[in-house]
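Step one of this worksheet: look at the structure below.
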2 protein chains.
Amino acid sequence: MKQEVEIMLKSKEINPTVNRMLVLDYLLELKSSISLTDLELSLESFDRVTLYRTLKTFEERGLVHKIEDGMGITKFAICQDSCEAGMHHDLHVHFYCHSCKQTFCLPKTQIPEVKLPENYQRQEMELIVKGICSVCVK
Amino acid sequence: MKQEVEIMLKSKEINPTVNRMLVLDYLLELKSSISLTDLELSLESFDRVTLYRTLKTFEERGLVHKIEDGMGITKFAICQDSCEAGMHHDLHVHFYCHSCKQTFCLPKTQIPEVKLPENYQRQEMELIVKGICSVCVK
DNA sequence: TAAACATTGCAATACAGTTGCATGCCGTTT
DNA sequence: AAACGGCATGCAACTGTATTGCAATGTTTA
Ligand SMILES: [Mn+2]
Ligand SMILES: [Mn+2]
Ligand SMILES: [Zn+2]
Ligand SMILES: [Zn+2]
């Protein structure tokens with residue numbers, strides 16, 4: 001079990017400390033993304049700043065990606081694709097549920113190409129769809 | 001000049017105070033959207049809270065729309081379309097410029113339809129494209 | 001072992017957003 | 001005219017999240 005996360009961290013050139021392994025393990029179990037505050041509530045023994053820096057390191061090394069959930073909250077989720085340090089490739093849609101307030105990665109739903117006005121140079125895109133998720137809809 | 005903004009406010013059922021007319025006038029001149037903090041810097045004589053409540057009122061009455069700029073900052077821009085109180089219809093793309101940090105409405109660029117996984121119910125969408133704007137690209 | 005470096009925790013700060021309350025303004029009622 | 005009411009405004013205070021500084025601790029290297 002812990003073997004897996006350790007390998008994962010090393011492959012991203014992240015020093016696999018106990019803390020980092022526990023955080024990564026937690027993120028891997030997670031069905032949706034999570035905010036720093038909620039992570040702090042879930043892993044009570046950790047200091048908030050440690051979690052903050054852990055997530056920051058993970059993001060910089062291409063292990064998790066940051067999600068602006070469209071309601072002003074930043075969330076984090078494990079990268080699905082072949083993201084690298086300093087270069088993320090997650091161009092999938094994110095879904096914010098008004099009912100459970102969770103934000104889901106929809107890795108199979110790509111952001112469609114958009115034709116911009118002249119002289120606008122695209123670098124990244126973020127598409128947030130808001131509504132009711134498949135759990136809450138029932 | 002002031003005539004126009006007064007009519008505009010009344011048509012949205014907003015009491016046209018001097019403050020509100022000045023704010024609306026400023027927003028109409030603006031080429032892009034603006035954050036509360038930047039608005040405060042531009043209209044120094046106004047209290048921050050007054051501006052906050054003014055923008056909130058404008059948004060509730062369908063005069064401006066809120067934009068999450070994808071970098072954690074909330075911005076505001078005049079509604080282009082036929083927005084109503086409690087019901088906005090701005091489904092256009094927004095563009096964030098990494099160079100000038102401004103966020104532009106692209107009213108002619110609609111958000112394309114997206115097919116969601118089963119049981120996800122869409123209510124709103126937000127598409128942010130990030131890159132270099134047409135002014136900074138030159 | 002000693003120096004060098006990395007990780008962590010605690011305190012403090014930065015900053016956007018928001019609320020509470022007192023005051024002032026303006027039109028209406030008595 | 002005086003009293004009343006509702007709305008608009010300003011100031012202070014508070015919230016919540018993000019971020020930095022620094023000291024303490026742990027780990028690696030020479
Ligand atoms: Mn994602
Ligand atoms: Mn817009
Ligand atoms: Zn839900
Ligand atoms: Zn620009």
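Every chain is numbered from 1, with letters handed out A, B, ... down the list of sequences.
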Can a side chain N or O of B:Thr50 be found less than 4.0 Å away from OP1 or OP2 on D:dA8?
no

Does D:dA18 have OP1 or OP2 sitting under 4.0 Å from an N or O in the side chain of A:Thr74?
yes

Pairing of A:Glu113 and A:Arg122 as salt bridge, 4.0 angstrom limit
yes

Starting at atom CD of B:Glu60, determine the distance to atom P of C:dT18, rounded to an integer number of angstrom.
11 Å

Taking atom C1' of D:dT17 as reference, at what distance in whole Å does atom CD of A:Glu68 sit?
12 Å

If I take atom CD in residue A:Glu13 and atom C1' in nucleotide C:dA6, what distance separates them, rounded to the nearest angstrom?
16 Å

Using whole Å, what does the distance between atom P of nucleotide C:dC15 and atom CG of B:Leu39 come to?
18 Å

According to a strict under-4.0 Å criterion, is A:Ser35 in side-chain N/O contact with OP1 or OP2 of D:dT17?
no

Does a nitrogen or oxygen in the side chain of B:Asn19 sit under 4.0 Å from OP1 or OP2 of D:dT9?
yes

Donor-acceptor contact present, side-chain A:Gln102 to main-chain A:Ser32, <3.5 Å
no

Of the non-hydrogen atoms in A:Ile67 and A:Cys105, which two are nearest, and what is the gap between them?
CD1-SG, 4.0 Å

C:dT7 C1' sits how many Å from A:Met21 CE, rounded?
14 Å

Rounded off to whole Å, could you give me the CG-to-C1' distance for the B:Leu51 and C:dT19 pair?
17 Å

Begin from the C-alpha positions of A:Lys75 and A:Ser35 and carry the test side chain to side chain donor-acceptor pair (under 3.5 Å) through to its verdict.
CA-CA 4 Å; A:Lys75 295 176 180 171; A:Ser35 68; over 6 Å; no

May I have the distance from A:Leu22 (atom CG) to C:dT8 (atom P), rounded to whole angstrom?
10 Å

Quick one, give me the B/S/- string for nucleotides 19-30 of chain D, reading 5' to 3', where B means a protein heavy atom under 4.0 Å from the base and S means that only happens at the primed atoms, P, OP1 or OP2.
BBB---------

Could you tell me which residues satisfy ring pair (Phe, Tyr, Trp, His ring centres under 6.0 Å) with A:Phe95, sequence neighbours excluded, listed by chain and number?
B:Tyr120

Whole Å only: how far is the CZ atom of B:Phe46 from the C1' atom of D:dC11?
17 Å

Do the charged groups of B:Glu84 and B:Lys12 touch, with an N to O distance under 4.0 Å?
no

For A:His92, is there any backbone N or O sitting under 3.5 Å from a side-chain donor or acceptor partner on A:Asp90?
no

Can you see if the side chain of A:Thr17 gets near the phosphate of C:dT8 - specifically, an N or O under 4.0 Å from OP1 or OP2?
yes

